[in-house]
Engineer: 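Okay, here's the structure, questions in a sec.
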2 protein chains.
Amino acid sequence: MAIEAGYSGSSAAEIVGITYRQLDYWARTDLVRPSLEDARGSGTRRRYSYRDLLELKVIKKLLDAGLKLETVRSVFAYMKENLGEDVTTANLVIDGNKTVLIRKDAELIDLVKRGQGVLNILPLASVKDEVDAGIVDLPANVSSLALKREATGTHG
Amino acid sequence: MAIEAGYSGSSAAEIVGITYRQLDYWARTDLVRPSLEDARGSGTRRRYSYRDLLELKVIKKLLDAGLKLETVRSVFAYMKENLGEDVTTANLVIDGNKTVLIRKDAELIDLVKRGQGVLNILPLASVKDEVDAGIVDLPANVSSLALKREATGTHG
DNA sequence: ACCAGCCATCACACCGGCGTAGTTCGATCG
DNA sequence: CGATCGAACTACGCCGGTGTGATGGCTGGT
């Protein structure tokens, strides 16, 4: 029994609460690709990292908020670079076609006051919490192992 | 030369910056109907009130922010009742599937801090400003007249 | 009363974002 | 080493939200 690092496609989908078709479509259209192992034809399998799960969950929350997938795509051009350490404290703020990460409440308030267009604000802390909760709820085979390995930073 | 109250379909579309097809589609699907005069078959004409323009502009800004039209529809179930006097000062806040109008900054900050999901915030002052600017930019025939009549509350 | 212009309507097409069903592999287990 | 299984792939369809003409009825101006 080989040790399974990361999460399979269907596991990932279940954890973050999306359909497999969505996960598959997003992977094919380059929105979120599994960073541990990409698919190379039928028979192969995708392996998603914990961080991939965070990204997927962000997308789901943006979709739930009523954003178009197209918008999400442009957001992720920026996101992928800056979704770093401070995932627990920062707020993701979408201002028209610009996207920023904001850590201090004061800056956020400032933005809101100056706002001309629509601001979309997503607290990233809730994203991590919900992903973790989703992992615990799983049938518990692969996931607990994988979670430990990921959490201790041993996924490379 | 009869006095034309309100705005024709194509004028309204131009003022708020949308295509006629959008305006038409939204009218047919009950999102925003012209409140002065609805269409009754080809040959008839729609007449939009100033307030209709505000609603249309809100929709455009929400679309520009990347929201799905479907989301906008649910927002407007609430909006239509509460888009009242304080159009200049309030913020429209969409929290998941709930929509609220918030006037005080403090309340807004509170919401942002407690936020679990995505918040969409639209300052309504900018909506009025941009609609007014759009009206001035028009070929100036009907619009100036109509603006006066509407602004002084003489549209019923 | 006619003509021109405006605009609502109709018919058609298109594209993104999926859902559904069936097929085909590679991995794994016995 | 063969059977089974899970998942990636393919093909097809659907629906919402438009864009693009073409058509045809009002209406205002003369």
Side-chain angles (χ1 to χ4, degrees), chain A residues 1-34 36-48 52 56 59-60 62-64 66-76 138-139 141-143, chain B residues 1-34 36-48 56 59-60 62-74 76 138-139 141-143 145:
Chain A
M1 95 170 70
I3 294 180
E4 311 248 347
Y7 307 85
S8 72
S10 40
S11 295
E14 192 179 346
I15 289 173
V16 302
I18 60 178
T19 67
Y20 177 78
R21 274 314 267 118
Q22 288 181 297
L23 188 89
D24 183 46
Y25 180 68
W26 299 352
R28 290 169 187 279
T29 55
D30 249 344
L31 182 52
V32 176
R33 285 261 184 84
L36 298 185
E37 189 82 42
D38 207 348
R40 282 182 73 81
S42 133
T44 68
R45 298 182 179 196
R46 303 189 176 107
R47 308 285 338 167
Y48 288 86
D52 292 338
L56 292 172
I59 298 179
K60 179 181 169 40
L62 292 176
L63 289 185
D64 286 350
L67 291 179
K68 284 177 284 192
L69 194 60
E70 180 192 357
T71 311
V72 176
R73 287 188 200 278
S74 68
V75 168
F76 263 66
L138 263 212
N141 46 9
V142 169
S143 25
Chain B
M1 124 187 23
I3 295 180
E4 312 247 346
Y7 307 86
S8 72
S10 40
S11 295
E14 191 180 346
I15 290 173
V16 302
I18 60 179
T19 66
Y20 178 78
R21 274 316 264 114
Q22 288 181 298
L23 188 89
D24 182 45
Y25 180 67
W26 300 351
R28 290 169 186 279
T29 56
D30 247 345
L31 182 52
V32 176
R33 285 260 184 84
L36 298 185
E37 190 82 44
D38 206 348
R40 281 183 76 81
S42 140
T44 69
R45 300 185 180 191
R46 303 189 176 105
R47 307 289 335 170
Y48 288 86
L56 291 171
I59 297 180
K60 177 179 171 42
L62 292 176
L63 288 185
D64 286 349
L67 291 179
K68 285 177 284 191
L69 194 61
E70 180 193 357
T71 311
V72 177
R73 287 188 200 278
S74 67
F76 264 65
L138 262 213
N141 46 10
V142 170
S143 25
L145 264 176

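The sequence lines fix the lettering, A, B, ..., with proteins before strands; numbering per chain opens at 1.
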Engineer: I'd like to know if the side chain of A:Thr71 and the backbone of A:Leu67 have a donor-acceptor N/O pair within less than 3.5 Å.
Structural biologist: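 Not a single qualifying donor-acceptor pair exists.
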Engineer: Please check this pair: side chain of B:Arg33 against backbone of B:Trp26, looking for a donor-acceptor N/O pair closer than 3.5 Å.
Structural biologist: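 No.
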Engineer: A:Arg45 or B:Gly41: which one's nearest nucleotide on DNA chain C is closer to the 5' end?
Structural biologist: B:Gly41
Engineer: Can you tell me how far C1' of D:dG17 sits from CD1 of B:Ile59, to the nearest Å?
Structural biologist: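 Rounded to whole Å, this separation is 13 Å.
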Engineer: In whole angstroms, how far is the P atom of C:dG19 from the CG atom of A:Leu23?
Structural biologist: 12 Å
Engineer: With DNA chain C as reference, determine whether A:Gln22 or A:Thr44 sits nearer its 5' end, using the nearest nucleotide of each.
Structural biologist: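 This one resolves to A:Gln22.
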Engineer: Can you measure A:Tyr48 atom OH to D:dA7 atom C1' for me and round it to whole angstrom units?
Structural biologist: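 Taking atom C1' of D:dA7 as the reference, OH of A:Tyr48 is at 11 Å.
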Engineer: Using a cut-off of 4.0 Å on non-hydrogen atoms, how would the nucleic acid contact of B:Arg28 be classed: base, sugar-phosphate, or nothing?
Structural biologist: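 Counting heavy atoms under 4.0 Å across all strands, the contact made by B:Arg28 includes a base.
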Engineer: On the side chain of B:Ser42, is there an atom forming a donor-acceptor pair with the base of C:dT9 - under 3.5 Å, no angle test?
Structural biologist: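 Not at all, since no donor on one side and acceptor on the other fall under 3.5 Å apart.
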Engineer: Just the rounded figure in Å: distance from P of C:dG17 to CD of B:Glu70.
Structural biologist: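 Rounded to whole Å, this separation is 14 Å.
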Engineer: State whether the distance check finds a donor on one side and an acceptor on the other, under 3.5 Å, for side chain A:Arg21 versus base C:dT20.
Structural biologist: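 Pair found.
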Engineer: How would you label the contact of B:Thr29 with the nucleic acid (heavy atoms, under 4.0 Å): base, sugar-phosphate, or nothing?
Structural biologist: nothing
Engineer: Whole angstroms only, please: what is the NZ-C1' distance between A:Lys68 and D:dT18?
Structural biologist: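 Atom NZ in A:Lys68 sits about 11 Å away from atom C1' in D:dT18.
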Engineer: What's the closest nucleotide to the side chain of B:Leu63 if the choices are C:dA8, C:dG17, D:dT18?
Structural biologist: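 It is D:dT18.
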Engineer: Counting just side-chain N and O atoms, does A:Trp26 come under 4.0 Å of either OP1 or OP2 of C:dC18?
Structural biologist: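 True: A:Trp26 side-chain N/O within range (under 4.0 Å) of C:dC18 OP1/OP2.
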Engineer: Does A:Arg47 have a side-chain nitrogen or oxygen under 4.0 Å from the phosphate oxygens OP1 or OP2 of D:dG6?
Structural biologist: no
Engineer: Would you say the side-chain atoms of B:Glu14 pair up with the backbone N or O of B:Ser11, donor to acceptor, closer than 3.5 Å?
Structural biologist: no
Engineer: Could you tell me the separation between the CZ atom of B:Arg40 and the P atom of C:dT9, rounded to a whole number of Å?
Structural biologist: 11 Å
Engineer: Are A:Arg46 and A:Ser8 close enough, and set up right, to give a side-chain contact (heavy atoms from CB on, under 4.5 Å), and what steps lead you there?
Structural biologist: CA-CA 6 Å; A:Arg46 303 189 176 107; A:Ser8 72; over 6 Å; no
Engineer: Hey, is the side chain of A:Thr19 poking within less than 4.0 Å of OP1 or OP2 on C:dG19, counting only N and O atoms?
Structural biologist: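 For C:dG19, OP1 or OP2 has a side-chain N or O of A:Thr19 closer than 4.0 Å.
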Engineer: To the nearest Å, give me how far apart CD1 (B:Ile18) and C1' (D:dG17) are.
Structural biologist: 13 Å
Engineer: Main chain of A:Thr29, side chain of A:Arg73: is a donor-acceptor contact present, judged purely on distance under 3.5 Å?
Structural biologist: yes
Engineer: So if I take every side-chain heavy atom of A:Tyr25 and compare against C:dG17, D:dT18, C:dG19, which nucleotide ends up nearest?
Structural biologist: C:dG17
Engineer: What's the CG-C1' distance between A:Leu69 and C:dG17, to the nearest Å?
Structural biologist: 7 Å
